[in-house]
Structure formats: structure tokens, C-alpha cells
Amino acid sequence: MGILEQIKSDRARKKKKEPFRSTLFDRISGLVKEYRLEESFVEKCESPEGFLTERKAEVARVRKKQPFRIPLFSLAEQKEYELTLAIIDKMNNPYLEFAQSPEEIGLSRLLFDLNPALGKEKLERCHFETLLLYEQAKITVRELNYSREKGLEKESLEEERTTQESLQTRLKQLQNFMAEVEESQER
């Protein structure tokens with residue numbers, strides 16, 4: 001390949017168009033507009049546990065993401081602009097760019113704190129509440145397995161058997177939930 005062909009090849013490669021990607025600001029601003037969020041939302045984000053609808057993984061359902069079309073460009077009024085910046089500043093975590101609802105905005109920091117290494121595919125497919133409960137279930141299963149192996153000291157044999165049975169039941173429920181989440185991620 002001559003120098004002329006190499007220069008043409010390099011120029012052609014540099015000219016390849018890359019798909020337009022909306023920014024984090026566009027996403028959050030779009031959510032602010034779509035859900036008509038107000039300043040009180042930022043205060044609500046201070047205690048993100050309020051965004052959890054079901055606290056126990058044993059009875060939780062696997063939630064799918066609700067589709068949200070991100071606007072290409074954000075045209076925000078002054079209040080919306082300031083609220084968008086306040087939300088981004090308050091929540092400040094990488095999972096925020098995958099949020100599809102105000103609920104997910106609120107849960108994003110909790111989820112990031114619990115597991116900062118979740119993959120892009122999981123964050124795009126599963127609702128943050130489901131992922132948060134999944135991560136909590138993994139921790140609980142480890143703790144329950146440890147408790148079961150350690151063998152809690154009980155005063156009576158009957159009490160120990162009841163405790164073991166309840167541990168087994170809870171472990172089974174958590175494992176079923178975790179399997180359901182993993183199955184939904186594979187689809």
C-alpha cells in the first residue's frame with residue numbers, strides 16, 4: 001500500500017460517523033419533564049429507602065424497565081434546568097445514566113454503593129429495585145449460610161430445629177428470587 005492510499009484510508013476511517021448519544025443532562029432533564037418532578041424530589045432522594053416498594057426479596061417480583069425515550073436535546077425552563085443540575089449533583093453516580101424513572105434515580109446511589117461493578121447490560125434490562133433486592137439477597141444468603149454452618153446455640157433441641165427450618169425456608173425463598181432475576185437477565 002502506497003503512502004497516498006494509506007492517507008486516504010486514514011482519512012476515511014476518521015470520517016466514520018458515530019451515533020449521537022444523549023448526555024446525562026438530557027436524560028435527567030427528560031425525566032424531570034416527563035414526570036413533572038419538583039424541588040421536593042431532591043429532598044426525597046436524601047432517604048432513597050422510600051423508593052423501595054417491597055423490602056423483602058422473598059415476596060418481591062422481578063420488575064422490568066419501563067421504556068423511556070430520551071430527548072435528543074434538552075430544552076428546559078429555568079426551574080427544570082436547576083432541578084436537573086440539583087439531581088445530578090445530589091445523586092452523582094455512574095448508574096444514574098441508566099435511570100428510566102424517578103424511582104430509579106432515587107435508587108441509583110443505593111445500588112451503586114451496594115455493588116459498583118454491575119454491568120451495562122444488567123443496568124439497561126432490570127429495574128434498579130430488582131437489582132438492589134438481588135444484591136441484598138446475595139448478602140443475606142451468605143449470612144444465612146454462615147449462620148447455618150456455624151450452628152446457632154439454642155437452649156432446646158426443638159428450638160434449634162425450628163430455627164433451622166425457618167432458615168431453610170428463607171434461604172429457599174431468596175434463592176428462588178435470585179434465580180428468577182438471573183433468568184430474566186438472560187432473556
Side-chain angles (χ1 to χ4, degrees), residues 21-68 70 74 80-150 167 170-187:
R21 301 186 79 178
S22 57
T23 64
L24 176 61
F25 182 86
D26 294 329
R27 175 179 293 273
I28 302 303
S29 177
L31 289 169
V32 166
K33 277 186 175 189
E34 177 75 21
Y35 291 94
R36 295 181 179 99
L37 299 179
E38 296 180 2
E39 291 175 26
S40 61
F41 180 77
V42 178
E43 294 168 13
K44 189 176 178 184
C45 288
E46 288 179 18
S47 59
E49 292 82 13
F51 289 101
L52 285 171
T53 56
E54 299 174 18
R55 292 184 180 268
K56 293 187 177 182
E58 303 93 280
V59 294
R61 67 196 188 298
V62 175
R63 294 178 64 185
K64 300 270 189 233
K65 287 247 189 200
Q66 295 298 318
F68 174 70
I70 305 165
S74 179
E80 293 170 336
Y81 176 81
E82 290 170 358
L83 180 58
T84 301
L85 290 180
I87 291 170
I88 292 171
D89 185 50
K90 182 80 170 168
M91 299 312 289
N92 193 20
N93 70 77
Y95 293 175
L96 198 54
E97 73 179 78
F98 298 98
Q100 300 269 45
S101 69
E103 194 177 20
E104 287 191 319
I105 291 172
L107 295 173
S108 66
R109 188 174 43 186
L110 267 179
L111 182 59
F112 180 73
D113 290 345
L114 202 55
N115 185 352
L118 288 174
K120 177 182 176 182
E121 196 171 291
K122 283 184 180 181
L123 294 167
E124 288 175 342
R125 283 183 150 183
C126 286
H127 194 279
F128 286 3
E129 180 184 44
T130 300
L131 292 173
L132 185 64
L133 290 172
Y134 176 79
E135 294 301 323
Q136 290 172 338
K138 285 188 339 188
I139 293 168
T140 305
V141 165
R142 271 181 276 176
E143 290 170 354
L144 290 175
N145 279 328
Y146 177 75
S147 296
R148 193 176 62 181
E149 289 171 7
K150 186 177 178 185
L167 279 175
R170 183 125 191 266
L171 265 172
K172 187 81 167 162
Q173 290 170 332
L174 288 169
Q175 288 168 340
N176 287 341
F177 173 73
M178 290 170 60
E180 194 176 335
V181 170
E182 289 166 1
E183 183 181 306
S184 75
Q185 291 173 359
E186 291 173 1
R187 289 187 222 146

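- Shortest non-hydrogen contact noted between Asn92 and Leu96 is N-CD2, 4.3 Å.
- With a 6.0 Å radius and a threshold of 12 heavy atoms from other residues, nucleotides or ligands, Glu124 has its CD atom above the threshold.
- Qualifying ring-ring contact (aromatic ring centres under 6.0 Å, His included) partners for Tyr35, counting only residues two or more places apart in sequence or in other chains: none.
- What you find for Phe41 and Ile87 is that their closest heavy atoms are CD2-CD1, 3.6 Å.
- For the pair Ser108 and Met91, the tightest heavy-atom approach, listed with the atom from each and the gap, is OG-CE, 3.9 Å.
- In this structure Lys33 satisfies the salt bridge (charged side-chain N to carboxylate O under 4.0 Å, His left out) test with no other residue, sequence neighbours excluded.
- Taking every heavy atom of both residues into account, Glu39 and Leu83 meet most closely at CA-CD1, 4.0 Å.
- Applying the side chain to side chain donor-acceptor pair (under 3.5 Å) criterion to Lys138, with sequence neighbours excluded, gives Glu135.
- Remark: Phe25 CZ is packed, more than 12 non-hydrogen atoms of other residues, nucleotides or ligands lying under 6.0 Å away.
- Residues forming a salt bridge (charged side-chain N to carboxylate O under 4.0 Å, His left out) with Glu46 (at least two apart in sequence, or on another chain): Lys90.
- Screening residues 21-31 for salt bridge (Lys or Arg N to Asp or Glu O under 4.0 Å), with sequence neighbours left out, gives no hits.
- Side-chain N or O atoms of Tyr95 include one that pairs as donor or acceptor with a backbone N or O of Leu118 at under 3.5 Å.
- Take Phe98 and apply the ring-ring contact (aromatic ring centres under 6.0 Å, His included) test, not counting sequence neighbours, and it matches no residue.
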